[in-house]
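Numbering starts at 1 and runs along the sequence shown.
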Amino acid sequence: MARPEGGGTGLLLGLGLLLVGMCALSPGPAAACSPRCLHGGLCLGDGSCLCSKGYEGQRCQHATCYPKCKNGGECLQPGKCRCPPGYGGRYCHKVSCEGGCQNGGGCVSVNGVVKCLCASGWTGSRCQEAICPQGCRNNGACVAPGICSCPAGWVGRACHLAVCKLPCQHGGKCIAPNVCRCRLPYSGPQCTKKKKE
């Protein structure tokens with residue numbers, strides 16, 4: 001079989017150039033990168049670095065995270081982000097309120113500000129304070145939405161009703177714990193004494 005004239009030479013020349021090109025890109029004893037390639041990167045013959053998976057940059061100095069770190073997070077090593085305050089999760093994609101939200105509150109981010117969104121009847125930075133719209137009087141404390149815990153001697157939704165252990169007589173009214181306001185002509189602790197006229 002006859003060989004075409006010059007055909008074999010061109011093929012050999014092409015293969016030779018391909019091999020020379022591959023050698024220039026492969027690591028070898030003559031390859032010298034200064035500064036050296038980091039994180040297991042390979043130094044190529046042209047002095048550039050071929051980075052290992054998870055790193056990039058001229059010297060493989062930057063870690064890459066996929067997906068990218070969200071909400072201003074910083075990629076520390078492949079797949080690991082350092083999250084700014086208020087965010088958490090592997091890629092800083094979860095909103096995180098420090099100390100958590102109480103009483104059914106949810107953590108939200110509004111215009112980059114992380115805060116608790118409280119359920120109805122609750123307030124405070126962590127939804128820790130109950131709201132009593134009626135108020136709690138006489139040193140009562142709001143312990144749940146609309147519910148006051150009253151000190152001894154007081155009852156009612158707003159701790160506004162005094163308790164007299166012994167009832168006030170003759171139309172008298174209990175105005176403070178164990179204190180009656182009497183109607184004339186009565187007086188005394190339980191309005192039992194009739195004043196003489």
Salt bridge (charged side-chain N to carboxylate O under 4.0 Å, His left out): pairs with one or both residues in residues 89-114, sequence neighbours excluded: none
Qualifying salt bridge (charged side-chain N to carboxylate O under 4.0 Å, His left out) pairs, either residue in residues 100-109, two or more places apart: none
Residue list, ring-ring contact (aromatic ring centres under 6.0 Å, His included) with Tyr91, at least two apart or on another chain: none
Do any side-chain atoms of residues 50-60 form donor-acceptor pairs under 3.5 angstrom with protein atoms, and if so which ones, sequence neighbours left out?
from: Ser52; atom 1: OG; to: His39; atom 2: O; distance (Å): 2.7
from: Arg59; atom 1: NE; to: Pro35; atom 2: O; distance (Å): 3.0
from: Arg59; atom 1: NH1; to: Gly47; atom 2: O; distance (Å): 3.3

Other ILVMFWY residues reachable from Leu76 by side-chain steps of under 4.5 Å: none
ILVMFWY clustering at 4.5 Å (side-chain atoms), partners of Val143: Ile147
If you look only at distance, which donor and acceptor atoms sit under 3.5 Å apart when one is on a side chain in residues 181-190 and the other is two or more places apart or in another chain?
none

Return all side-chain donor-acceptor pairs below 3.5 angstrom for residues 120-130, not counting sequence neighbours, or 'none' if the list is empty.
from: Arg126; atom 1: NE; to: Gly99; atom 2: O; distance (Å): 3.4
from: Arg126; atom 1: NE; to: Gly100; atom 2: O; distance (Å): 3.3
from: Arg126; atom 1: NH2; to: Gly99; atom 2: O; distance (Å): 3.0
from: Gln128; atom 1: OE1; to: Arg126; atom 2: N; distance (Å): 2.9

Please set out all donor-acceptor pairs under 3.5 angstrom arising from side-chain atoms of residues 165-175, sequence neighbours excluded.
from: Gln169; atom 1: NE2; to: Pro167; atom 2: O; distance (Å): 3.4
from: His170; atom 1: ND1; to: Cys191; atom 2: O; distance (Å): 3.0

Leu38: hydrophobic cluster co-members (side-chain, 4.5 Å): none
Residues in side chain to side chain donor-acceptor pair (under 3.5 Å) contact with Tyr87, at least two apart in sequence or another chain: Ser109
Glu74: side chain to side chain donor-acceptor pair (under 3.5 Å) partners, not counting sequence neighbours: Arg82
